[in-house]
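What follows is one structure encoded as structure tokens, with my remarks underneath.
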Amino acid sequence: MRRSKSSRNSILSSIREPLIVALSFALATFFMAALNGQAQAPAPQLSADLSHSPGWVVISVDDYQNLRTRAFPTERDPEPPPVDATLTRVDYDLRIAGELATGRASLTVDVLKDGWVRVPIPSGLLVREARLDGKLVSLVSGGAGKGAGQLSAVLAHAGRAVLLLDIALPVNASAGEERISLPSTSSGVTRAAVQLPRQGVDVKLSGGLLTEKTETGDESKWLAYARGDEPLTFTWHRKIEDHHITLPLRQRGSLTQLTSLAEDSTSLYAEVNLEITQGAAKEARIQLPENIMINQVSGGMVADWEVKAGELVVTFLEPVEQSARFVITGETKTPRDGHIDISLLRLLNTERDTGGVAVEVLGAGEIKDLKTQGLENADAAELGDYVAVRQSPSMVAFHFRSSDAKVPRSLAVDIARYAQQAVLMANIEEARYRVLLSKEGKSLVQAQYAIRNNQRNFLKVTLPAGAAIWSASLAGKPVRPGEAKDGSLLLPLEKSRAGEEAPAFVLEIFYLVRQTAWIDKGKATLALPAVDLPISRTGLLLYHPPLFKVAPEPGTFRVEPYESPSSQAFALVMKEFGPEYGQNAGGIVDVVTKSGTPQSSTQVLVDNFKNKTLGGRGAKVLPIRPSFPAFGPSVFFVSELTAENHAPALEFNYQRDKKEGGK
């Protein structure tokens with residue numbers, strides 16, 4: 001009977017697989033024995049077995065598993081945890097009764113190791129019983145050594161467990177205070193809730209943070225949290241009754257008032273400061289004139305306020321025992337001009353009061369005359385920061401003459417109003433510069449500014465880098481400039497009276513700048529000072545060395561024929577101080593030094609003044625006005641509308657003129 005090809009293959013496979021497996025076992029055992037030097041002949045009883053062919057080796061299952069493990073080693077076993085168990089959280093719920101604090105402690109434990117693990121109980125606790133998963137557990141004492149007397153719980157399973165302890169703590173009392181101290185543990189979080197069956201106690205906490213304190217019924221409840229690495233101590237004592245509030249009230253006060261007279265309304269601002277010398281103040285009272293309307297009372301201790309029976313009553317959040325401060329804002333109706341009686345606020349129920357009153361005119365107007373009673377003249381800066389920073393053109397200020405609260409006070413002023421006009425605070429209507437350049441890179445600059453000013457006290461001038469100022473003058477008279485924090489110059493200005501048209505005056509400065517020496521051909525930049533006022537028109541007259549040609553680059557300045565200054569301020573100064581003011585004082589001549597080397601007069605000026613400047617800014621300026629040594633060919637430039645704090649600059653190209661014999 002013939003079999004199919006597929007059936008024959010299946011039969012051969014069923015015979016071949018056991019043979020291969022048996023042969024693999026035999027060869028593996030033989031080679032391992034040979035490697036270990038223990039190759040032996042087959043056992044007699046096995047060799048006599050005719051069912052096995054020669055060369056077969058029979059091994060046990062354990063030997064096979066050992067061979068397989070050595071042939072295919074497993075991955076490395078994970079390292080054991082660094083600790084067997086951790087105390088994650090401790091929660092206390094205690095109630096104080098007499099000399100004991102009893103309650104429950106919940107210990108949240110995370111067991112990391114399989115098998116029996118010992119978990120220490122916080123030391124110092126008197127444990128009545130311990131439960132785990134609702135079942136009683138026994139606590140064992142520690143072994144020999146440092147922690148021999150500490151109790152521990154023995155846990156057998158890995159994972160999280162909550163151990164409940166019924167505990168008691170002693171309450172220590174000394175010097176009228178009572179305290180309980182919860183021991184330190186290795187837990188990350190410690191929470192403690194404590195109940196005290198009485199009220200009227202003050203509690204202090206050390207080693208943690210008191211997050212909640214309530215009193216309900218006849219109990220006081222406290223809730224605190226701690227890190228666990230230090231003891232948590234509650235200390236409490238009975239509140240000491242303060243009879244300070246029952247004493248008769250004695251207080252002193254200070255009231256500073258500012259009245260601002262506008263054309264159509266009058267505003268009022270007052271700062272009140274109270275100083276309590278005895279008792280406690282629940283409210284403050286201020287006497288109000290009939291025509292005053294209060295808009296707002298603000299302060300850290302103000303709870304409410306109301307106006308009744310000609311008095312402003314300010315109620316505090318709690319009785320004030322030391323000091324209080326609040327601000328009053330309001331308004332009133334007064335005539336636009338003429339005779340005006342100023343409404344004055346007054347503190348009530350004070351032994352003495354201090355302070356003052358200031359009156360300012362808003363808009364175009366001024367105070368012509370005034371009448372006072374119980375007041376003394378004062379400076380506005382003496383009445384506090386709010387009054388000191390006011391920029392009113394017309395203001396008067398007074399102190400209260402007597403500290404007696406019953407002394408009568410009154411203030412009346414006569415106001416004159418003017419037609420409203422747009423007034424420019426300050427402006428530079430024209431700036432003129434004259435610059436003398438030398439091929440050595442030194443530049444002597446004369447800057448003149450025609451200024452109109454109504455309010456400004458100083459002009460801030462920032463010189464170019466490396467400039468050294470020589471002199472400064474105001475309206476032809478030498479002045480000493482100041483120095484700002486950023487190193488710029490502060491030059492004084494003339495100021496006209498309010499309501500008058502500001503006349504123009506001339507401010508002049510001389511300074512020297514050192515730059516890179518000129519070569520045969522190159523490009524140079526002339527930087528001018530930056531001032532904190534806008535400039536309407538600028539003229540620049542540039543004198544350059546005769547051996548060079550100068551070609552300006554396109555920019556802010558443009559070349560035009562020379563024109564005299566258009567501002568009348570320059571003409572007035574020339575008329576008063578002579579035509580030499582701001583004009584050519586003569587050409588430059590060479591000076592022969594002791595060594596026989598010719599030296600220009602510009603260098604002589606530099607040598608004369610180089611020891612009289614500090615830090616390149618001329619911190620110490622001599623009060624003189626030198627003349628400008630005009631020399632050489634010149635070019636005139638003009639520009640318009642220079643913004644404030646903007647430093648204009650002129651860029652130009654220069655080249656040595658070979659026609660003049662230059663090299």
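Numbers for residues simply follow the sequence, beginning at 1. Scope of the values below: all heavy atoms of this structure, side chains included, with no hydrogens, waters or symmetry mates. Note that the structure is predicted; figures quoted are calculated from it, not measured.
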Closer than 4.0 angstrom, basic N to acidic O: yes or no for Arg558 and Glu640?
yes
The test is side chain to side chain contact (heavy atoms under 4.5 Å, CB included); show your working for Gln322 and Ile276 and say whether it passes.
CA-CA 5 Å; Gln322 294 182 353; Ile276 312 301; 5.8 Å; no
Taking all atoms of both residues into account, what is the closest heavy-atom pair of Glu263 and Ala364, and its distance?
OE2-N, 4.3 Å
Between Tyr654 and Trp518, how do the two ring planes meet: parallel, tilted or perpendicular, split at 30° and 60°?
parallel
Within a strict 4.5 Å, meaning less than it, do heavy atoms of the Leu463 and Val445 side chains meet?
no
Go through it in stages, so that I can follow the logic: the residues are Leu528 and Leu650, the test is side chain to side chain contact (heavy atoms under 4.5 Å, CB included), and I'd like the CA-CA distance, side-chain angles, deciding distance and then a yes or no.
CA-CA 8 Å; Leu528 297 175; Leu650 172 65; over 6 Å; no
For the student: nearest non-hydrogen atoms of Ala397 and Leu383, plus distance
CB-CD1, 3.8 Å
So do Ser634 and Tyr562 actually touch side chain to side chain, heavy atoms under 4.5 Å?
no
Run the side chain to side chain contact (heavy atoms under 4.5 Å, CB included) test on Val361 and Glu366 for me, step by step, so that the C-alpha distance in whole Å, both residues' side-chain angles and the decisive distance to 0.1 Å come before the verdict.
CA-CA 6 Å; Val361 178; Glu366 63 176 328; 5.8 Å; no
A side-chain contact here means heavy atoms from C-beta on lying under 4.5 Å apart; do Tyr511 and Val461 qualify?
no
Nearest non-hydrogen partners of Asn427 and Ser536, listed with the distance:
ND2-OG, 3.5 Å
Close side-chain approach of Leu255 and Asp353, heavy atoms under 4.5 Å:
no
Is there a side-chain contact between Trp470 and Leu444, using heavy atoms and a 4.5 Å cut-off?
yes
Using atom types as modelled and distance alone, determine if a side-chain donor or acceptor of Ser260 lies under 3.5 Å from a backbone N or O of Ser267.
no
Counting C-beta onward and ignoring hydrogens, is there a side-chain heavy-atom pair between Glu360 and Ile367 closer than 4.5 Å?
no
Whether the Thr350 and Gln251 side chains hold a donor-acceptor pair (N or O, under 3.5 Å, no angle test) is what I'd like checked.
no
Considering only heavy atoms from C-beta outward, does the side chain of Leu344 approach that of Pro289 to under 4.5 Å?
no
In this structure, CD1 of Ile328 is separated from CG of Leu312 (nearest 0.5 Å) by 5.0 Å
Is the number of heavy atoms from other residues, nucleotides or ligands under 6.0 Å of Asp486 CG greater than 12?
yes
Ser343 and Thr332 side chains, donor-acceptor separation under 3.5 Å
no
Using every non-hydrogen atom in the two residues, find where Ala412 and His339 come nearest and quote the distance to one decimal.
CB-CE1, 3.5 Å
Identify the heavy atoms of Ala378 and His399 that sit nearest to each other, and give their distance.
CB-CD2, 3.3 Å
Kindly say whether Arg336 contributes a backbone atom to a donor-acceptor pair with the side chain of Arg417 at under 3.5 angstrom?
yes
How are the rings of Tyr386 and Tyr269 set relative to one another: parallel (under 30°), tilted (30 to 60°) or perpendicular (over 60°)?
parallel
Nearest heavy atoms of Ser394 and Gly365, plus distance in Å
CB-O, 4.0 Å
Side chain of Glu494, backbone of Phe505: donor and acceptor closer than 3.5 Å?
no
Let me confirm one number: the CD1-CD distance from Ile509 to Gln448, rounded to the nearest 0.5 Å.
10.5 Å
Please round to the nearest 0.5 Å and tell me the distance separating atom CD1 of Ile535 and atom OG1 of Thr642.
5.0 Å
Considering only heavy atoms from C-beta outward, does the side chain of Leu526 approach that of Phe557 to under 4.5 Å?
no
Rounded to the nearest 0.5 Å, what separates atom CZ in Phe400 from atom OG in Ser254?
8.0 Å
Rounded at 0.5 Å granularity, tell me how far NZ in Lys521 sits from CD in Gln655.
5.0 Å
Spatial distance of atom OG (Ser473) from atom CG (Leu507) [nearest 0.5 Å]
7.0 Å
Quick one about Glu553 and Asn653 (side-chain donor to acceptor, distance below 3.5 Å, no hydrogens or angles considered), yes or no?
yes
Would you sort out whether Phe458 and Asp532 count as a side chain to side chain contact (heavy atoms under 4.5 Å, CB included), showing the intermediate values?
CA-CA 10 Å; Phe458 296 95; Asp532 62 346; over 6 Å; no
Is the backbone of Ser566 close enough, under 3.5 Å, to the side chain of Glu430 for a donor and an acceptor to pair up by distance?
yes
Whether the Arg434 and Gln446 side chains hold a donor-acceptor pair (N or O, under 3.5 Å, no angle test) is what I'd like checked.
yes
